[in-house]
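What follows is a single structure, written as structure tokens, with notes after it.
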Amino acid sequence: MKKSIKILTIVGARPQFIKAAVVSRAVASHNRSNPETAVHEDICHTGQHYDHGMSQVFFDEMGIPEPYINLGVGSGLHGQTTAAMLAGIEQEIVARKPDAVLVYGDTNSTLAGALSAAKLNVPLAHVEAGLRSFNRRMPEEINRVVTDHVARLLFCPCSNAQEQLRREGVETGVHVVGDVMYDALLYYRSGAVSPAISEPFALATIHRAENTDDPVRLENIITALDACPVKVVLPTHPRTREAVKRGAIKPRGSLELIDPVSYREMLGYLQECRFVITDSGGLQKEAYFSEKPCITVRDETEWVELASAGANRVVGAGKDRILSAFDWAMAKSGSFSHNRIYGDGHSGEKILEILMQTLDRQP
Ligand code: UD1
């Protein structure tokens, strides 16, 4: 076995900080017990998310090692920002010569990390491989497909994802390891911060471009949330805050827009809410892990197992469908249990072990 391996982790957007925290913790724990085969991890932050509440708070609170570099790419058009990330990451790979590049999920930072590694012929590992919404208008779907097709190691959260990769002809290097977000929730939930709310409430998040950039969809969703039978707390992504302001939409009923919250605060809201309404991929699963019904305000989901299990209703952005889903969620609240569709909470260790074994066999 090699003395040590060197991994370059690329992160840039909020959900990636949470996912990367799990593998970084597995690395730290391995290094403590096995200094002779210590794994060296460098974290490169693209700067895609840059507000304190969207980025730094996660590093502080989750004990994630500080990135050695922030490329400071920020906001802009997809081509512009992805190009800037590509140029920056390429330089870092050339300078650091990692044994592998590790990317998470489906963001533009994922895509940039994937393309940079593939073009430099550095093994690419993709955590959350094989997910598909089959909606090519979503930037995330393009990012997923491209990343999976250039990755050498593909870590799937569930067997459906592995099956999808097989249908696309990707069979080598595929491993079903479970979902790192489940590991994260189990590890951090004892430190969840309880929200100061005494009445029953639902937790909502809305940030997908398909909802925020379509004034009709956004107004429908906000109006429906405002008419919910219980209070709705919506930690608001900056993009959504802007769109609500632009559309001059003024909630006056159940809906309360608050600033983005930290991971521990989010876990507190999840533990205490009646149900969840979201267009986020991650929150659909976190609702399930927390045994809360979830209403998904999208036209499809990549987490199809949750819909089949009856834990999630995918209702689109029509006001009436959202309103009737509130009745379902209120009735379902408190009456279903999580049965480990996405692994056993040890995905981080499995990913690290497979990475080490595979890289050890590289010439
Ligand atoms: C990105 C990911 C999405 C992920 C989400 C999590 C892509 C294509 N999408 O979407 O898969 O679920 O992150 O949050 O990568 N902004 C700020 N401050 C910030 C960050 C963003 O003001 O700290 C604003 C900017 O105006 C920016 C907009 O939010 O233009 C959207 O950010 P963007 O990077 O396009 O992606 P997200 O919508 O956050």
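Read the numbers this way: they start at 1 and go in the same order the structure lists the ligands and their atoms.
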Q | Subset of ligand 1 atoms that lie under 4.0 Å from at least one heavy atom of Pro15 | A | 6 (C)
Q: Answer with side chain, backbone, both or neither: which part of His237 has a heavy atom less than 4.0 angstrom from an atom of ligand 1?
A: side chain
Q | Side chains of Val276 and Ile295 in contact at under 4.5 Å (non-hydrogen atoms) | A | no
Q: Please work out which of the three classes, parallel, tilted or perpendicular, describes the rings of Phe17 and Phe58, given edges at 30° and 60°.
A: tilted
(Q) Please list, in number order, the atoms of ligand 1 under 4.0 Å from a heavy atom of Arg14. (A) 14 (O)
(Q) Give me the residue, atom name and distance of the protein heavy atom closest to atom 17 (C) of ligand 1. (A) Tyr50 OH, 3.2 Å
Q: For Met54, counting its heavy atoms only, list the atoms of ligand 1 lying under 4.0 Å from any of them.
A: 19 (C), 23 (O)
Q | Minimum side-chain heavy-atom gap Thr296-Arg313 below 4.5 Å | A | no
**Q.** Arg167, CZ: over 12 other non-hydrogen atoms inside 6.0 angstrom
**A.** yes
Q: Answer side chain, backbone, both or neither: which part of Ser109 comes under 4.0 Å from ligand 1, heavy atoms only.
A: neither
Q. For ligand 1, which atoms have a heavy atom of Asp106 less than 4.0 angstrom away?
A. 11 (O)
Q.
What I'd like to find out is whether the side chain of Leu153 reaches to under 4.5 Å of the side chain of His175, using heavy atoms alone.
A. yes
Q: Taking the side chain as every heavy atom from C-beta outward, state whether Ser280 and His207 have any pair of such atoms under 4.5 Å apart.
A: yes
Q: Considering heavy atoms of the protein only, find what lies nearest to atom 12 (O) of ligand 1 and give residue, atom and distance to 0.1 Å.
A: His207 NE2, 3.1 Å
Q) Can you tell me if Ser280 has a non-hydrogen atom under 4.0 Å from ligand 1? A) no
Q) Can you tell which of Thr110, Thr107, Val73, Leu283 gets a heavy atom nearest to atom 2 (C) of ligand 1? A) Thr107
Q) Is the number of heavy atoms from other residues, nucleotides or ligands within 6.0 Å of OH (Tyr187) greater than 12? A) no
Q: For Ser75, counting its heavy atoms only, list the atoms of ligand 1 lying under 4.0 Å from any of them.
A: 25 (C), 26 (O), 27 (C), 30 (O)
Q) Going by the order shown, which atoms of ligand 1 are within less than 4.0 Å of some heavy atom of Arg239? A) 28 (C), 29 (O), 31 (C), 35 (O), 36 (O), 37 (P), 38 (O)
Q: Identify, for atom 22 (O) of ligand 1, the protein heavy atom at the shortest distance, and state residue, atom and that distance.
A: Pro238 CB, 3.1 Å
Q. Would you say the side chain of His45 lies within less than 4.5 Å of the side chain of Ser55, judging by non-hydrogen atoms?
A. yes
**Q.** Lys/Arg-Asp/Glu bridge criterion (N-O < 4.0 Å) met for Asp279, Arg217
**A.** no
Q: Kindly identify the option in Glu140, His49, Arg208, His78 whose heavy atom sits closest to atom 9 (N) of ligand 1.
A: Glu140
Q) Centroid-to-centroid, Phe289 to Tyr182, below 6.0 Å? A) yes
Q: Select the closest option to atom 15 (O) of ligand 1 among Asp51, Asn108, Thr46, judged by heavy-atom distance.
A: Asn108
(Q) Using a 4.0 Å cut-off to any heavy atom of Gln48, which atoms of ligand 1 qualify? (A) 1 (C), 7 (C), 15 (O), 33 (P), 34 (O), 36 (O)
